[in-house]
Amino acid sequence: GAGVSQSPSNKVTEKGKDVELRCDPISGHTALYWYRQRLGQGLEFLIYFQGNSAPDKSGLPSDRFSAERTGESVSTLTIQRTQQEDSAVYLCASSLSPVQPQHFGDGTRLSIL
Amino acid sequence: AQSVTQLDSQVPVFEEAPVELRCNYSSSVSVYLFWYVQYPNQGLQLLLKYLSGSTLVESINGFEAEFNKSQTSFHLRKPSVHISDTAEYFCAVTRRGNTDKLIFGTGTRLQVFP
């Protein structure tokens, strides 16, 4: 079935490099969310897109983090000048509307050396 | 703002034993409540949800959770667990009527032993 697709599944990079993570939501889902899951911790909200509304960026931890979404399709999460504390699994989720449950991708495991 | 507390980080249990994973939330407004499950090396999957109506909700694989407004709890239970239930379980809350970001608990790792 066509679930939420994230790429790459794993990314290893050196400290200071920029990385770009991609999320393909389920077709027709207007809401898209990015979360971060650090080892042994819960999920941390990063950013939320809903249709053409201004995104809710309240969870982005620093200005090194940014995200874009093209219409109601693909989203990219960019981390500039990566730091070791950025190492985590980055999860994307989408939902039909804000009041519907979210469907998660398998995540991108990011490791900063 | 909403918050979620999962008091137990790990719950070890033997197969066929009952289990309860605790979840308490804090909110000044009405909420929707969810349990998500994350099997090893997989993404999160919705296990069950409370939006309105009956306070007891069930999943297709035998889990149930009861919304208790007075105790602000949404504990997850199963009368008899299987090895395959071994996973990380996350409780989550969002504001009723305007769901945007889910607020997750820190998770409970359920380890089922034979």
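Within every chain, numbering begins at 1; the chains are lettered A, B, ... in the order of the sequence lines, protein sequences first and strands thereafter.
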> Of the backbone (N, CA, C, O) and the side chain (C-beta and beyond), which part of B:Leu44 lies under 4.5 Å from a heavy atom of chain A, both, or neither?
Replying inline: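 Backbone plus side chain of B:Leu44, per the 4.5 Å heavy-atom cut-off to chain A.
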
>> Given heavy-atom pairs under 4.5 angstrom as the criterion, report whether the side chain, backbone, both or neither of B:Gln45 touches chain A.
In response: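 Neither the backbone nor the side chain of B:Gln45 comes within 4.5 Å of chain A.
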
Do [X] and [Y] sit in one hydrophobic cluster, given that two such residues count as connected whenever their side-chain heavy atoms are within less than 4.5 Å of each other, even indirectly?
X        : Y       : answer
B:Val93  : A:Leu43 : no
B:Ile103 : B:Tyr89 : yes
A:Val19  : A:Tyr90 : yes
B:Ile83  : B:Val81 : yes
B:Val37  : B:Trp35 : yes

>> Between A:Gln6 and chain B, with a heavy-atom cut-off of 4.5 Å, which part of the residue counts as in contact: side chain, backbone, both or neither?
In response: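 Nothing of A:Gln6, per the 4.5 Å heavy-atom cut-off to chain B.
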
> Between A:Leu91 and chain B, which part of the residue has a heavy atom less than 4.5 Å away: side chain, backbone, both or neither?
Replying inline: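 The answer is the side chain of A:Leu91.
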
> Just how far is it from atom CG of B:Leu46 to atom OG of A:Ser95, taken to the nearest 0.5 Å?
Replying inline: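 OG of A:Ser95 is found 11.5 Å from CG of B:Leu46.
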
>> Quick check for you: to the nearest 0.5 Å, what is the distance between B:Phe90 atom CZ and A:Phe104 atom CZ?
In response: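 Separation between the atoms: 9.5 Å.
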
>> So if I take each residue of residues 68-77 of chain A and look for any heavy atom under 4.5 Å from a heavy atom in chain B, which residues do I end up with?
In response: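 Residues in range: none.
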
> Which of residues 104-114 of chain B get closer than 4.5 angstrom to chain A, counting heavy atoms alone?
Replying inline: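 From residues 104-114 of chain B, the residues near chain A are B:Phe104, B:Gly105, B:Thr106.
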
> Among residues 20-28 of chain B, which ones touch chain A with a heavy-atom distance under 4.5 Å?
Replying inline: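 Against chain A, none of the residues of residues 20-28 of chain B fall inside the cut-off of heavy atoms under 4.5 Å.
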
>> Using every non-hydrogen atom in the two residues, find where B:Gln42 and A:Asp106 come nearest and quote the distance to one decimal.
In response: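 Where B:Gln42 meets A:Asp106 most closely, the heavy atoms are C-OD1, 4.3 Å.
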
>> Is any side-chain heavy atom of B:Tyr32 closer than 4.5 Å to one of A:Pro101?
In response: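 They are not in side-chain contact.
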
>> For residues 79-89 of chain A, which residue pairs pass the side chain to side chain donor-acceptor pair (under 3.5 Å) check, not counting sequence neighbours?
In response: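 Qualifying pairs: A:Arg64-A:Asp86.
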
> Is atom CD1 of B:Ile60 surrounded by more than 12 heavy atoms (other residues, nucleotides or ligands) closer than 6.0 Å?
Replying inline: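 Check fails, neighbour count at 12 or below.
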
>> Tell me if the CZ atom of B:Arg77 is crowded by more than 12 foreign heavy atoms within 6.0 Å.
In response: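 Above 12, so yes.
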
